[in-house]
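Below you'll find the structure, written out as structure tokens, and then a few comments.
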Amino acid sequence: MEVNDALIDNLSNLARLEFNATEKVAIKKDLQKMIHFVEKLGQLDTTGVEPLLHMSPEINVLREDILQGSISREAALSAAPVTDGTYFEVPKVIRK
């Protein structure tokens with residue numbers, strides 16, 4: 001696969017990016033290196049090699065749910081810097 005200016009322009013349009021001339025040259029070289037690397041990988045003999053689907057042989061390693069109590073509202077609010085007695089008070093972050 002040949003990396004040319006048309007391919008760079010198409011990729012930059014799809015990614016909504018803009019490149020100047022020197023950046024295009026650098027990107028063209030990088031893409032060409034990546035494509036050559038993938039082409040080399042395609043030449044490897046992988047007969048008898050199972051595809052790697054997961055990094056771990058374990059499947060669905062889950063813990064048992066343990067029911068336990070939680071802290072009371074008063075205990076939770078006692079650690080808060082600002083409270084109205086029922087809720088935590090935080091600075092307003094959404095402005096209309």
Side-chain angles (χ1 to χ4, degrees):
M1 179 177 188
E2 182 64 32
V3 178
N4 54 26
D5 288 334
L7 177 65
I8 301 294
D9 291 338
N10 187 29
L11 291 174
S12 65
N13 181 41
L14 291 172
R16 305 292 191 258
L17 298 172
E18 294 181 14
F19 303 113
N20 62 32
T22 56
E23 291 171 333
K24 282 185 182 180
V25 171
I27 290 170
K28 188 186 298 186
K29 288 179 186 176
D30 288 343
L31 280 175
Q32 195 66 45
K33 287 179 185 178
M34 288 184 241
I35 291 170
H36 283 304
F37 179 73
V38 171
E39 287 172 350
K40 282 185 181 180
L41 290 176
Q43 297 171 0
L44 291 174
D45 180 22
T46 57
T47 54
V49 177
E50 299 252 346
L52 179 65
L53 299 177
H54 302 284
M55 296 305 295
S56 170
E58 304 297 326
I59 298 173
N60 292 335
V61 180
L62 303 173
R63 63 170 172 76
E64 291 294 322
D65 286 335
I66 301 170
L67 294 176
Q68 57 188 17
S70 59
I71 62 173
S72 68
R73 179 182 302 208
E74 293 78 23
L77 292 175
S78 69
V82 181
T83 177
D84 68 357
T86 305
Y87 301 105
F88 298 102
E89 288 190 13
V90 296
K92 185 176 182 178
V93 294
I94 300 175
R95 296 184 182 107
K96 291 185 178 183

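Side-chain atoms are counted along with the backbone in the values below, which use heavy atoms only and exclude waters and symmetry mates. Counting from 1, the numbers follow the sequence of the chain as shown.
- Salt-bridge formation is not detected for the pair K28/D30: no Lys NZ or Arg NE/NH1/NH2 atom is positioned less than 4.0 Å from an Asp or Glu carboxylate oxygen.
- At a threshold of 4.5 Å between side-chain heavy atoms, the hydrophobic network of Ile, Leu, Val, Met, Phe, Trp and Tyr places L14 and I27 in two separate groups.
- Between atom CG of residue N13 and atom CG of residue D9 there is a gap of 8.5 Å, rounded to the nearest 0.5 Å.
- Both L17 and V3 sit in one connected hydrophobic cluster of ILVMFWY residues. Membership requires side-chain heavy atoms under 4.5 Å apart, directly or through other members.
- Pairing each heavy atom of S12 with each of F19, the nearest pair is CB-CE1, 3.5 Å.
- In summary, of the residues considered (Q32, K40, K33), a side-chain hydrogen bond (donor to acceptor under 3.5 Å, both in side chains) with H36 occurs for Q32 alone.
- If you chain together hydrophobic residues whose side chains sit under 4.5 Å apart, M34 and L11 fall into the same group.
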### Query
Yes or no on side chain to side chain contact (heavy atoms under 4.5 Å, CB included) for L7 and E2, after CA distance, side-chain angles and deciding distance?
CA-CA 9 Å; L7 177 65; E2 182 64 32; over 6 Å; no

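- Surrounding CD of E89 are more than 12 heavy atoms belonging to other residues, nucleotides or ligands, all under 6.0 Å away.
- Annotation for Y87 and L77: closest pair C-CD2, 3.9 Å, computed over non-hydrogen atoms.
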